[in-house]
Structure formats: C-alpha cells, structure tokens
Amino acid sequence: METGDIMATNMETGEAQQRRSLLGLDRAALDSALAELGLPKFRGSQLWRWVWRHGITDFSDMTDLGKDARSLLATQFHVDRPAVSRRQNSIDGTIKWLIRLEDNQEAEMVYIPDEDRGTLCISSQIGCTLTCSFCHTGTQRLVRNLTIAEITGQILLAMDELGDWPAGKIDRRLTNIVLMGMGEPLYNYDNVRDAMKIIMSGEGIGLSKRRITLSTSGIVPEIEKTGADLGVNLAISLHAVHDALRDELVPINRKYNLESLIQAVRDYPILSNARRVTWEYVMIKGVNDSEADARALVKLISGIPSKINLIPFNPWPGTDYVCSDDAQIDKFAKIVMRAGYASPVRTPRGRDILAACGQLKSDSVRLRASQQAALDAKAAAAETADAHLST
Ligand code: SAH
Ligand code: SF4
C-alpha cells in the first residue's frame, strides 16, 4: 500500500475500501493491478495514455474504456494530484506552489520560465536529513520521503496549472525538470528513479532524460546507479574545493570526500561536450569566494565536460552567511571564464517570493518527539547499510 492511498466506500457492499493512486504505478505494475481485476492488458495501454498523455482525472471521461471498466476502475483507483495550499507569482514570472499531501505535510515546487524553456523544480523529500550550513531546507529535519505518486503528482499538477495537456504539445510551458527542490534525491533513490522512469515513458509524458537534471550533494554510490538506471543530467552541489571547508558547508563530504566525488563524476557514463555535468557553487562572502578558490575549482574539475553555476548566496531568516559582493563574484567568474566556462553566474529567480535556490522550506508540522526518534533511528540504519555498500 502506498502512502498516497485514500479510503473510499464501496457503494454495493458498504465496506470501506482502499483506492490506490495510479500515479505511483509503472506500466508493469499497472498491468498486474489490472490483471488482478480481470481486465485485459490492452486496457493498461488505454488507461496509461489517458493518465499520462491526456492528464484526465475523471475515469468517466476515459471514453474508449467501456462503462463497466470505467466504474470498476473508479472504485479501485484515483489519480489525485497533491492539493495546492498556496500559489505565489513572482514579478519575474516564477511561480511557487506550496503543496499539501494526504498526511497534511507540505512541500514546495517552483516553475521558472525562460526564453527557450520552462523549468519545473520539484522536491523529493519533506525537509532533508543533511545539514548543509548555508541551506534553509537543511534546517528542517526530514519529515519523510515523498512517494513515487507524490513525485510524479507534482509534475502532473504543474501541467494542469500551466495548461500543458496533452503532453508533448508544441507550445508546452513545462519543458525541463530539475530535482533541485527540497530534499536530497539520492537519499530517496528508489522512488525518484521509479518516478523519473514513469515521466520519461514514451507513451505518456515522454520527457527526455536530456531534459531532466538531478542535483545531489554527493551521495557517491547512488551517483553511479543514477547513471546506469536513468542517464539523466547530473548537477553536483560542490560549494567548496578543499575537504576541510566542504566538511563544514556540505557535511556529507565527511563520508564521501572530494576525491571520491570527483571520481564518481568522472565515471558518470553520459558525460560529453553536449551533456556536461553542472557544478553548483554558492558564493558566500569571505568563506569560499577567493580567487585562489576559483583557480582551485577549475583545476579540480579539469578534463571533465563541465558547466559551472555560480549561485549568489540567497539569504534566509536566521543565517549568518552573506552573499559575496558583486565585484568579488565578478573576479571569481572571470577566472572561471578564462578557463573556458561560459556565463557562469546564475541569476536568482523568484527572490521576492522566497523561491530561489536554498530558500525552500515548508512550514510542515514537526512530528512528535517519539515519531522523530523512530525516524532518526531508521535514517541511521539506512546510513549504516549505505556505509556497508560503499566499502
Ligand atoms: N539536496 C540536493 C538538491 C537540492 S538543490 C543538493 O543539495 O544538490 C538546491 C541547490 O541550491 C543546491 O545546489 C544547494 O546547494 C543550493 N542552495 C542551498 N541553499 C542555498 C542558498 N541559501 N543560496 C543559494 N543556493 C543554495
Ligand atoms: Fe539537503 Fe541539498 Fe540543502 Fe544540503 S543543500 S541540506 S543536501 S537540500
């Protein structure tokens, strides 16, 4: 049973029944769910297209399915999207949604329109177990992983809101997806992988792996798996070029240091001049923004097909860090440009609605202390398993 399931009442028997979300099922899982109901396989193809190609939410609109099949499906399944708690529009066209999940937890997603593309930034967890010192999300302890249906549901919700159905239409507004919202996607690897496979499926939304970018703070063993399973674009939250400083800014570095991270990126299978890795580097005044840092950065990644994204530090309430001065960012950028990397500074978007990088943090209610302790124990167990894997 998925967390995304809801209760429904069976009209005939009066018994309470669980309706399953279809948004967490891949093609094979859908086929077997239909087989259990005695429905033939071709119904799976039809249903898949209604859900993933046409974005239909009401089974009675799935006209070629036959009346009996439609009512049977409606008693067993739903295709509900996350609810919208709040939608904010920035003056620069950025849209931020605070979404509410079935257990009333909240997460955020952001749409960023550009001249040549429209990018949806989605969340993979509520909060984050990692505690990068400059990141707002990192101050919110992990509440939980998002389910497959909650990850795919964000994309469907955005397509509803942007008027993007049927999928693949010429003037679609959503063209790219970045896993750069709340959470560390590689600590929710299985759900992220399955959700991306559904979104990439050719008979549905059919989004190309070239239009999906996964950003990670550097969970080395999962970087390799991502390359093998998905082949999506990779972004690395680098932020420091020496282990001592990176240990402080991105504490997962104590477990997977720079050497192992750089090696994992070198080994990432899809990298080429056409598909480069993106190095994200937040510019924090007096911390990581010296010219020596810039020179060390280009040296560290030399030989790897790369883009560098210098992100002006976005302040949030309670942080002691300050964004580097423009003049310093300029000096840093010049060194990077001289080394052959074009236009490296990322213009912050949606700053007026706290939608910029690292500013996402929902007001999700914290779990009771006992629930949080159980969750922490689970995370620690996963960490241990992970440590075994990486040795
Ligand atoms: N957990 C993943 C995905 C989140 S992506 C990761 O860390 O890569 C969010 C990006 O915004 C990351 O590169 C993160 O390092 C960056 N970021 C976090 N806080 C920021 C801030 N206050 N200002 C600018 N960028 C920030
Ligand atoms: Fe988590 Fe990424 Fe923020 Fe670090 S930067 S705390 S990994 S969301």
Side-chain angles (χ1 to χ4, degrees), residues 96 107-110 112 119-146 151 154 176-189 192 196 212-220 222-223 226 232-241 245-256 261 264-265 277-285 287-289 307-324 329 344-351 354-362 364 379 383:
K96 180 168 91 167
E108 288 181 325
M109 67 174 193
V110 180
I112 307 144
T119 305
L120 184 71
C121 174
I122 59 172
S123 294
S124 55
Q125 299 182 307
I126 295 167
C128 188
T129 40
L130 302 176
T131 50
C132 302
S133 53
F134 55 89
C135 174
H136 201 193
T137 308
T139 64
Q140 183 188 7
R141 297 174 78 191
L142 173 71
V143 179
R144 65 172 175 81
N145 282 334
L146 297 188
I151 299 170
Q154 292 175 65
N176 290 59
I177 288 176
V178 294
L179 282 144
M180 292 188 185
M182 289 167 60
E184 168 49 60
L186 296 188
Y187 268 168
N188 184 15
Y189 181 71
V192 165
M196 290 306 108
I212 299 175
T213 301
L214 182 147
S215 175
T216 178
S217 56
I219 318 299
V220 165
E222 267 70 25
I223 292 177
T226 306
V232 295
N233 302 323
L234 188 65
I236 303 286
S237 289
L238 187 65
H239 309 312
V241 287
L245 180 60
R246 196 162 190 272
D247 283 352
E248 199 185 301
L249 295 180
V250 187
I252 193 68
N253 194 71
R254 294 180 201 151
K255 188 162 178 190
Y256 305 114
L261 177 59
V265 175
V277 63
T278 302
W279 302 97
E280 300 168 278
Y281 195 96
V282 59
M283 299 295 296
I284 310 175
K285 186 173 182 164
V287 173
N288 64 353
D289 62 350
K307 287 186 263 192
I308 296 176
N309 237 310
L310 302 179
I311 314 170
F313 171 70
N314 284 308
W316 37 270
T319 179
D320 291 333
Y321 292 127
V322 177
C323 183
S324 308
I329 297 181
V345 185
R346 186 193 289 179
T347 322
R349 301 289 303 269
R351 259 189 171 173
L354 273 191
C357 287
Q359 292 182 313
L360 303 186
K361 181 183 173 187
S362 68
S364 278
E383 287 259 308

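Note that the coordinates shown come from a computational prediction; the quantities given were computed from them, not determined experimentally. Both counts, for ligands and for their atoms, begin at 1 and track the order of listing.
Taking all atoms of both residues into account, the shortest heavy-atom contact from Gln125 to Glu184 is OE1-N, 2.9 Å. Taking each heavy atom of Met180 and Cys121 in turn, the nearest pair found is C-SG, 3.3 Å.
Put simply, the side chain of Cys132 reaches to within 4.5 Å of the side chain of Val250, judged on heavy atoms. Residues Phe313 and Val287 have side chains not in contact (no heavy-atom distance under 4.5 Å, counting atoms from C-beta outward). Using a 4.5 Å heavy-atom threshold, the side chains of Thr216 and Ile236 count as touching.
Of the possible donor and acceptor atoms, one in the side chain of Asn288 sits under 3.5 Å from a partner among the backbone N and O of Val282. At distances below 3.5 Å, not a single donor-acceptor pair connects side-chain atoms of Asn309 with backbone N or O atoms of Thr278. In this structure a side-chain-to-backbone donor-acceptor pair under 3.5 Å is missing from Arg144 to Ile126. One N or O on the side chain of Gln154 and one on the backbone of Ser123 form a donor-acceptor pair closer than 3.5 Å.
Expressed to the nearest 0.5 Å, how far CG of Leu249 lies from OG of Ser217 amounts to 12.5 Å. Of the inter-residue distances, the one linking Ile177 atom CD1 with Ile212 atom CD1 reads 5.5 Å to the nearest 0.5 angstrom.
Annotation: protein N, O or S atoms under 2.8 Å of atom 4 (Fe) of ligand 2 (waters excluded) comprise Cys132 SG.
Shown in contact with Ile311 at under 4.0 Å from a heavy atom are these atoms of ligand 1, numbered in order with element: 24 (C), 25 (N). Residue Cys135 approaches ligand 1 through these ligand atoms, each under 4.0 Å from one of its heavy atoms: 18 (C), 19 (N). Taking every heavy atom of Glu280 and a limit of under 4.0 angstrom, the matching atoms of ligand 1 come to 10 (C), 12 (C), 13 (O). Ligand-side atoms of ligand 1 in range of His239: 13 (O), 14 (C), 15 (O), range being under 4.0 angstrom from any heavy atom. Per-residue contacts place Val282 under 4.0 angstrom from the following atoms of ligand 1 (heavy atoms of the residue considered): 23 (N), 24 (C), 25 (N). Of all atoms in ligand 1, listed by their number and element, those nearer than 4.0 Å to a heavy atom of Thr216 are 6 (C), 8 (O).
Inclusion of Gly181 in the set of residues having an N or O under 3.5 Å from an N or O of ligand 1 is not warranted. Considering backbone and side-chain atoms alike, His136 places every N or O at 3.5 Å or more from each N or O of ligand 1.
With sequence neighbours left out, the side chain to side chain contact (heavy atoms under 4.5 Å, CB included) criterion links Ser237 to Ser215, His239, Glu280.
Close to ligand 1: Trp316, with a non-hydrogen atom less than 4.0 angstrom away. Not a single heavy atom of Met182 sits under 4.0 Å from any atom of ligand 1.
One option in Pro185, Pro315, Ser123, Ser237 has a heavy atom closer to atom 8 (O) of ligand 1 than any other, and that option is Ser237.
In terms of protein heavy atoms, atom 2 (Fe) of ligand 2 is closest to Gly183 O, 4.6 Å.
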